[in-house]
Each structure stands twice: as C-alpha cells, then as structure tokens.
*Asks:* 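I have a structure I would like to understand better, so I am pasting it below and will then ask my questions one at a time.
First the proteins, then the strands, lettered A, B, ... as listed; each starts at 1.
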Amino acid sequence: MKNDRIKKIESLLPKALCADRQAVRREIVRLKRFKTKILSDKNVKQKFIQLEKQIHASIKKKSWREKNPPALTYNPCLPITDKKNEIIDLISKNQVLIISGETGSGKTTQIPKFCIAAGRGIDGKIGCTQPRRIAATTVARRIAEELGEELGKSVGYKIRFKDKTGGDAFIKIMTDGILLAETRNDKYLNEYDTIIVDEAHERSLNIDFILGILKTLLKKRKDLKVIITSATIDTEKFSKAFDNAPVIEVSGRMYPVDVQYFTIEQESEGSDERTHVEMAALAVDKLQKKSLYGDIIVFMPTEQDIRETCEILEGRNYKSAIILPLYARLSSSEQSKVFSRLTGRKIIVATNIAETSITIPGIKYVIDTGLARISRYTPRSRTTSLPVVPISRSSADQRKGRCGRVENGICIRLYPEQDFLSRTLFTPPEILRANLAEVILRMIALKLGNIEDFPFIDRPAARSIRDGFDLLLELGAIKPVKRAKKSEAEKSKKSDVFLLTEKGSLMAQMPVDPRLSRMLIEANQEGCLNEVAIIASALSIQDPRERPVEKTQEADQMHALFRDPLSDFITLLNIWKKYHDVRQKEKSTSRMKKFCKKHYLSFKRIREWRDIHAQISTVLQGSGARDQGSGIRSQGPGIRDLGSAKANNSEQEFYSKQYEVIHKSILSGFLSNIAVKKEKNIFQAAKGKEVMIFPGSGLFNKAKTWIVAAEMVETSRLFARTVADIDSRWLEALGKNQCKYTYLKPHWERSRGEVVACEQVSEEASEIFIRSALVEGDIREPLPFMEHNRRLIDEISSMENRLRKRDILTNEEDIFDFYHKKLEGIYDIRTLKQHLKKRGTDGFLRMKKDDLFRYFPDEEELYLFPDKITLGTNQFQCNYSFEPGSRDDGVTIKVPSALAATVPAESVEWLVPGLYSEKIAALIKSLPKDYRKQLVPVANTADSGSEQIHF
DNA sequence: GAGCACTGC
C-alpha cells in the first residue's frame, strides 16, 4: 500500500512547482527510510495525506501559472528590443547566458520579460538581483508599470525590512544580499527556475559569492537557468568561469561623448605642482567661459577635496550657477538638492557616490580627476585603509557615461591619455580587498566545502583566507577538526578542516559582522544583551550623527549632550536612550523628525538603526538567548542619566558594573583592537600598529591607559574610531579561553626584546615570542638562522610574484609550528641565545625548502618568467610584482637612461613569455567588434597565440 | 585635529 502511494505521488511530481517537487521528494526519501516502529501507521497516513494535498495544490498553482503569465509588451525604442528574439532563443538553448549591455540598453527591465517569453518563471520564480535597494525597488516598479500591473502581483521586490512579493509573482527583484541570505533556508534556491545577476561587473563580495554558489548549483540543478549581465567588456571572464557560456552584446543608447585629456604640457604648465582641486576649478572656468548651458559634475576623491573645490568655485561668483557638494555623509536633504530643477547651471562636486549610486539626470559635462578613495584590507596588520588611488579605466568610463544620456556630452579628464591607457582595466574586485571572515563563516555554515576549491571568479589570496580563519578562531566561531593521523594525501591538501562551534553557528545566523555577533553572545552571558544589541546595531549603520560643514560647532554642541567621557559606545547608547525617551512622550513622526533635526541626528539612519536592532533581537530570541541582567529593558538602559552629574553611590556602583560588563562584551569581539597609551592620543596597538584616537571621539585628549576600538582605519594616518577606556584586568579573564589565538596581550616589545605583560604566562609568552619575533621577524638584530630562513622565504615569494600565484609558500601557521616544536618554553631573545649556545649550532632552526614549499612549481612555467632578459645588446634584471591594481603589477625592468637608445622600443612591449597570453587577450578585447567576434573565446585564442610566439 | 561606496536570515 505504502509503495503504491509513493509511486502515485512520484508520478505527479513533474507537474508540480520546483520548490514543492523538491520538498516532497525529500519527504518521500525520509518516509522510505522510516520503519513502522518509528512512525505509527496513523502518523504515516497523515503524512501521506499532507503530501498529497501539497502536491495537488502545487499542480494547480503551476497550471494556473502556465495559463496566466503576464501579458508582455515591448518598447521598440529600446536598443535591446532589436535583439529580443535572439536573446529569447539563447535563453531557451543554454543554461547560462552572459549579456553585456551599456547604460540605456534597457537590459535590466527587459530581460526578465524575455525570460517569461522563453517560458521561464512557471516552474519557479524569475529572481533578479540588484546591488542596491533603491535599484531593486525602482526596477520592480518600472517592470510592473510596463506590464500594466500594480506592484506585488506578477512583479514584486524584496529588500531588507521590506518584502513586496506575492505568492503568485513571476518576477522577483531583490538585492543580492537577500538572495544570499535565502540560500540559508533554500540551499538549492528551489524557489527560482531562473536567476538573473544584474550589474555583475560591480563585483561586490555578494556578487562574487553568489556567482560561486550558482556555479556549484548548476551541476545539481540542471533545470536552473542563470543570466549574468554586465556593463563592460569584461564578459570573457564570466564566460570562462561558466564553461564558456555564450555572450551576447547589446548596444547602449548613448549620445556621443567627446573625451578631452589634459596633455602632459598642460599638466606641468605654470607652477609645476598644481593640485587636482585647482585643475578642476580651471576646467570649470573654461566651461563657464564657453557657455552657460548644461550641468557639470566634478568627480573628487575625498570630502575634503570637495569642500575645497566648492570654496574655490564659490569664490568665482559665477553668474547663475549653483555649486552643490555631494557625498554619502551629507544629510539627505542636502543630497536631494542635486535633483532640484533650477534656472541656472548646476555644478555638482561629488565623490564616487555619483559613479553608480546616485544618477543625476541632464548632466552635459563631466570633469574627472581620475582619483578615488578605495578601501583595502591588509591581513598582515589587520587594518583597513582608504587610500586615494588612480581609478581604473572601466571606472573612468563609468564616470564618462554620466553625461551623454540626453544629448551630446563632454568629458574632461584631468590627466594625459597616456596615463589613462596605463591604468588597470578594472578595479580589483572586492573579494581581493576585503576581510573574509564573514564569507568564510558563511561558507562553513552553508557547508560549501573547502574554500580553496570554491569556484570564485577571482580567488582571494591565501594570506587573506588564512587571516579570515584566524579571526574566526580568535572569536571562537570555529574549531579545527582533529585528525587522528594525517595521511600523505591529506597532507598535500592545503587547508585544515574547520567546524563551527556552538557560538559560531549562532553567529552565522546573525545579519551582522562576526565581531559584532560575537559581542552579542558574550553580552548574553554577561547579562547586558539589551545594551550591546543597541551598540552592535549602531556599529553596523552609518554614524547617525550629522555634521554639516557650515554648522560644525552647533552640531558638536548638540552631540556633546550625549557624550560619555569614557566611552563612545556609551555615547551611542545615550543617543538611543534619549531618542526613545522623547519618542515615548511624543509618539509622532513629525515631532521625532524635529527632535533629530534639532540634535543633528539623521532620522533615516536612526530608523535603520531601530530596524536592525529589531532584526537582531528577533534572531536572538529565536535562539533562546535572553538577557539575564537586572531586568533592564532596551528602552531604558541602566546608564546614568544625561546631564545628571549628581548620582549617588549605589547608582555609581551600578553604573561602573554596567560599564564593565558592556565593555567586556565589546572586547570579546574586538580583542585584536586594543591599544595601550604611548603619548597623548597616540596608542600602541597589536601587530606593531600605532593608532591615533580620531578627533571626533569623546576620548580625544582625554583617554587613559588602555583602550578598545571598534574600528581602525587608515586615511591620512591610522585612526581609532569609536573607542572606550578599558581596565586591563578585564583582558585576562577574556583572554583565558582564547589566549592561544591572541597575540596581543601580553604583547611583544621590540625595543626590549621581550614579551611585556601585566602577568606573564610563559606558554602564552612563548607563542607570542615565536610569532612576533621569529615568524613576523619583528626583531632588532635578526639572528643568523633567521637571515637564512628569511632569504629562503624571499626566494619563494619572488617566485610567487613571477608566476602570479599566492599559494606556493606555506602558511604562517606551519612556520610557527616549525619553531614551536623546537623552542618550547623559550619566550625571549636572551633565553633563545642561551639555548643556541648550549646546543652549539643553529642548524636545527634553519629551514629547508621542504619546510616552506606547499608544492614545487612547474619548471617549464618558471622558464616563462626569466630573471634576466636581453633587449637589444644588453641584459636587464626583471622585477616581478603580483599586486593586481597597483602600478607595478606585472614585470618591471629598469633601463638606465644611457642605455635607453640600445633598447628597441617594440621589444619592451613583449618582455616575458609568461605574460604574452594576458597581453594578447587584452589586445583582442580592444579590437573593433567585427574582428573580435572572430576570435572568441578570447582566452583560448590568446593561449594558442602566445604559444606561437618564439623567444 | 577629521572618512569612498554598498549590503544582510
């Protein structure tokens, strides 16, 4: 009977929706496995009834979808409409399709419709991801409009805090973060039969992670179709990553833009040192003289530069022109001014925000400094820096594309064309520039297997991956799996296997950075969850405080009301408390907006703060966490009242106890961000860093000995932002469970050549000594064996540079193990020297190649990257660097000017054989389309081309 | 003595 029933259900499966099909299939597998003993007959019967119900409902739904797809209409004016039939055909015939189309091609709104025309969206939804919330909502609205429907029926959208998709939706537009989040509960993404990843060229962490997941998913779900759209010509990379998926190009609808470069002479004209601010002002002058018509946008790298540029331009007193700054930290009312319709000309001076996030209509002129702040994470020192760097060619072209949308445009680049051509084609994807802890935690939680084997489009450096694992270990989110004995096969595998700890699996569920989720877990134990939940959500939004340029003093005065003298974290709590106190009394949105305005707070960001706080609280409640504290509710944390200095003793005691538990919780997440005072405002932090307290902090000029910081970011120098005074005694208790992974306290002091700490724990000290002095080489006079090992490591790492790889050299952990096994109990230079004297040799500390190589690289490959190269009549040394995005990435030779004449110019174009392939590929991509088309796939053509060059 | 831009169960 049971088997017949199963067969019946199975025969119905193909007619059901994908999501139900898979769910029912899983249930059947389970039912088949059940013995009658575990499940009573009655239960089995009920289960069957339920499954049959589900399958019939699903079949009904699916046949409804088949009969009622939205009526499609197309706009013949859009360039993509010309290729409609071709694209629909390609969608039907391929599992993966890459579509490249410039702005104005209509791809974002039309492709979902083409999918429906290709018969998609019946078995499951058509999911379409966007990098930003605004894009997701506007795209959904536009498509619904084109279909003549209201939003939320055939077309819906889902962004954080807002789900506008009905059960019968055919098309669902969402942020890429949402799709990623959905993989947690719907591992195979069964809700969808088609997924469109839009704007893939932006290469955010989310996009790269989604593409990797889709790549693995495609093998398991043969019915799933994936469409990747990208604005640039970098489609080959996507195509290659997806087994040479077909690429179709759609032209954009743009008016011609005339690009004018500054010549080298212009650049050095007059005074030799002219800043980009001055050059931009001159360019505006020039335009202003020519005509008073057409809006101008100037791209600047920093807020400071924008302020200066605006000041200079204001000083010019242009007739009927208004100068408007635009950057993210500007209040939303100031931001929206750029959209206002004015009689005169608008001159907008903006950061990168105007490159992708904010589109201003009607721009005729673009002035581009060619610079931007781009964030970069350095695993070695665990710091984020925001250097001003030359932007890539694709980024410059994106800026150029901001004009020419409604009429002809002009783009003035404040640098020579040579400079433009020498730049990298693309901005390095975020995954090569970011802290990977969060990605790794998620990969382990989703059981996506070994990170080394994950199909990333660009594989992050081994060093970054290791750092991500280290941070997770430090936070106690993961633990290594102990293997009884390593087999040879396992040894050659690069990484260890890690499992989530109980903490870790909870952390993976929380929609915040792992450090913040770690804080929340600690806070739950310390009994201050309410307070720390407020702090953690505050740290995951932009600063709610506003500080308009012309009113900095007033803003600072109002903000001072919230200020806590010891901790910026308490300051955040105070803002929350005051806001909610007022809110309880006022209960009206307009009054709260008024309150925000008066106190220079952003109403929008506080709303975001409250939303995230609610989200975190929900997750924590679901996990059974509860505040074991003194009944303090989040509306009124037990922090001393604003301005009431006369607290009595018991209140003070309560306050200091609260202070302690809150900051201990913060420390659990930011243990690697503690620092000890060197001089006023200057602190010594871990890994040899020296930080300065950010001048906007409440602790500026007031900090005592030890501090913890939520952020250490390098801009004009390394700043600690959001800091608090801490008691060094708190570190011991926290460090105890984690001391194995904490290298900071006790810390290594280079000048003294020993580990300095309040209390010296020798095992711990030995570890720190080995890591800091021997592994990282932070030592005044390196010993001979260290020099020997250093040379060997340099040799291997230069080999890595040549081959453009980052995995030949073994990891720091192995190097640490090498020393650790041999030097147990030794924790300073003195005892090490004594030990060496006793042994009579340092041979046992000298590494051999086997100790350092993960694998030996191919001899033939090395031969393609020679040490020296002959050009003309002389030999030159080749210097290799592997830092995509940096100027000397690739090979560099230095030719003394005296010898320059002996070097034939064309030979410099083709220096080392190992790089031919990449070079040919770049050349092919720069060809006109008709030629390029004959050479696809580019990578293959380039490879075979490079083999045919003789050297 | 002063910070690019996005995003999430």
*Asks:* How long is the line joining CG of A/Asn435 and P of B/dT7, in whole Å?
*Replies:* 20 Å

*Asks:* Please check if any side-chain donor atom of A/Gln398 sits under 3.5 Å from a side-chain acceptor atom of A/Thr356, or the reverse.
*Replies:*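 Short answer, no.
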
*Asks:* Compute whether any side-chain donor of one residue and acceptor of the other, for A/Ser602 and A/Arg607, lie under 3.5 angstrom apart.
*Replies:* no

*Asks:* Just compare B/dG1, B/dA2, B/dA5 and give me whichever is closest to any side-chain atom of A/Met692.
*Replies:*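 Closest nucleotide among those given: B/dG1.
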
*Asks:* Side-chain donor or acceptor of A/Arg184 under 3.5 Å from a matching atom on the base of B/dC9?
*Replies:* yes

*Asks:* Round to a whole Å and report the spacing from CE of A/Met510 to C1' of B/dC9.
*Replies:* 11 Å

*Asks:* Could you point out which residue of A/Arg329, A/Met558, A/His559 forms a side-chain contact (heavy atoms from CB on, under 4.5 Å) with A/Arg545?
*Replies:* A/His559

*Asks:* Between A/Arg605 (CZ) and B/dA5 (C1'), how many Å, whole number?
*Replies:*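 From A/Arg605 CZ to B/dA5 C1': 13 Å.
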
*Asks:* Over all strands shown, is A/Val388 touching base, sugar-phosphate only, or nothing at heavy-atom distances under 4.0 angstrom?
*Replies:* nothing

*Asks:* Counting any heavy atom closer than 4.0 Å, what does A/Ile178 reach on the DNA or RNA strands: base, sugar-phosphate only, or nothing?
*Replies:*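 Counting heavy atoms under 4.0 Å across all strands, the contact made by A/Ile178 is with sugar-phosphate only.
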
*Asks:* Using a cut-off of strictly less than 4.0 Å, decide whether A/Thr351 has a side-chain nitrogen or oxygen near OP1 or OP2 of B/dA5.
*Replies:* yes

*Asks:* Side chain of A/Ser716, heavy atoms from C-beta onward: which of B/dC6, B/dG8, B/dA2 has the nearest atom to it?
*Replies:* B/dA2

*Asks:* Can you say whether a donor on the side chain of A/Arg547 sits under 3.5 Å from an acceptor on the base of B/dA2, or the other way round?
*Replies:* yes

*Asks:* Grab the CG-P distance between A/Asp513 and B/dC9 for me, whole Å please.
*Replies:* 16 Å

*Asks:* Quick one: label A/Arg442 by what it contacts on the DNA or RNA (base, sugar-phosphate, nothing), any heavy atom closer than 4.0 Å.
*Replies:*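 If one applies the 4.0 Å heavy-atom cut-off, A/Arg442 turns out to touch a base.
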
*Asks:* Any base atoms under 4.0 Å from A/Thr302, or only sugar-phosphate, or nothing? Heavy atoms, all strands.
*Replies:* sugar-phosphate

*Asks:* Just to verify, which of A/Lys158, A/Lys125, A/Arg221 counts as forming a salt bridge (charged side-chain N to carboxylate O under 4.0 Å, His left out) with A/Glu191?
*Replies:*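 Exactly one option meets the salt bridge (charged side-chain N to carboxylate O under 4.0 Å, His left out) with A/Glu191, and it is A/Lys125.
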
*Asks:* Choose from B/dA2, B/dC9, B/dA5 the nucleotide whose nearest atom is closest to any side-chain atom of A/Glu430.
*Replies:*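 Output: B/dA5.
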
*Asks:* Using the closest heavy atom to pick a nucleotide of DNA chain B for each, name whichever of A/Ala508 or A/Phe694 lands nearer the 5' end.
*Replies:*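 This one resolves to A/Phe694.
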
*Asks:* Would you call A/Asp397 and A/Arg393 a salt bridge, using N to O less than 4.0 angstrom?
*Replies:*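 Result for this pair is no, no salt bridge flagged.
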
*Asks:* Across the strands shown, which category fits A/Glu303 at heavy-atom distances under 4.0 angstrom: base, sugar-phosphate, nothing?
*Replies:* sugar-phosphate

*Asks:* Rounded to the Å, how far apart are A/Leu371 CG and B/dA5 C1'?
*Replies:*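 To the nearest whole Å, that distance equals 16 Å.
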
*Asks:* Are any of A/Gln615's side-chain N or O atoms less than 4.0 Å away from OP1 or OP2 of B/dG8?
*Replies:* no

*Asks:* Rounded to the Å, how far apart are A/Met174 CE and B/dT7 C1'?
*Replies:* 14 Å

*Asks:* Mind telling me whether A/Phe454 and A/Phe209 have parallel, tilted or perpendicular rings, with 30° and 60° as the class edges?
*Replies:*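 Correct class here is perpendicular.
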
*Asks:* Under 4.0 Å, counting only non-hydrogen atoms across every strand here, what does A/Glu199 touch: a base, just sugar-phosphate, or nothing?
*Replies:* nothing

*Asks:* Return whichever of A/Gln304 or A/Glu438 has its heavy-atom-nearest nucleotide of DNA chain B closer to the 5' end.
*Replies:*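 Its nearest nucleotide lies further toward 5', so the answer is A/Gln304.
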
*Asks:* Base, sugar-phosphate alone, or nothing: which one does A/Arg132 contact when heavy atoms must sit under 4.0 Å apart?
*Replies:*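 Sugar-phosphate only.
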
*Asks:* What is the distance, to the nearest angstrom, from the CD1 atom on A/Ile612 to the P atom on B/dT7?
*Replies:*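 It is 11 Å, rounded to the nearest whole Å.
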
*Asks:* With sugar-phosphate meaning primed atoms plus P, OP1 and OP2, does A/Ala328 contact a base, only sugar-phosphate, or nothing at under 4.0 Å between heavy atoms?
*Replies:*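 Sugar-phosphate contact only - A/Ala328 comes under 4.0 Å of backbone atoms but never of a base.
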
*Asks:* Whole angstrom is fine here: how far is it from CD in A/Gln130 over to P in B/dC6?
*Replies:*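 Roughly 15 Å, once rounded to whole Å.
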
*Asks:* B/dC4, B/dG1, B/dA5: which one has an atom nearest the side-chain heavy atoms of A/Ser375?
*Replies:* B/dC4

*Asks:* When all nucleic acid strands are considered with a 4.0 Å heavy-atom cut-off, which category describes A/Leu386: base, sugar-phosphate, or nothing?
*Replies:* base

*Asks:* For a quick test of reading the model: is some side-chain N or O of A/Thr175 closer than 4.0 Å to OP1 or OP2 of B/dG8?
*Replies:*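 It does, given that an N or O in the side chain of A/Thr175 lies less than 4.0 Å from OP1 or OP2 of B/dG8.
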
*Asks:* Less than 6.0 angstrom from the centroid, inside 45 degrees of the normal: does A/Arg203 satisfy that with respect to the ring of A/Phe426?
*Replies:*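 Not satisfied by the 6.0 Å and 45° rule.
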
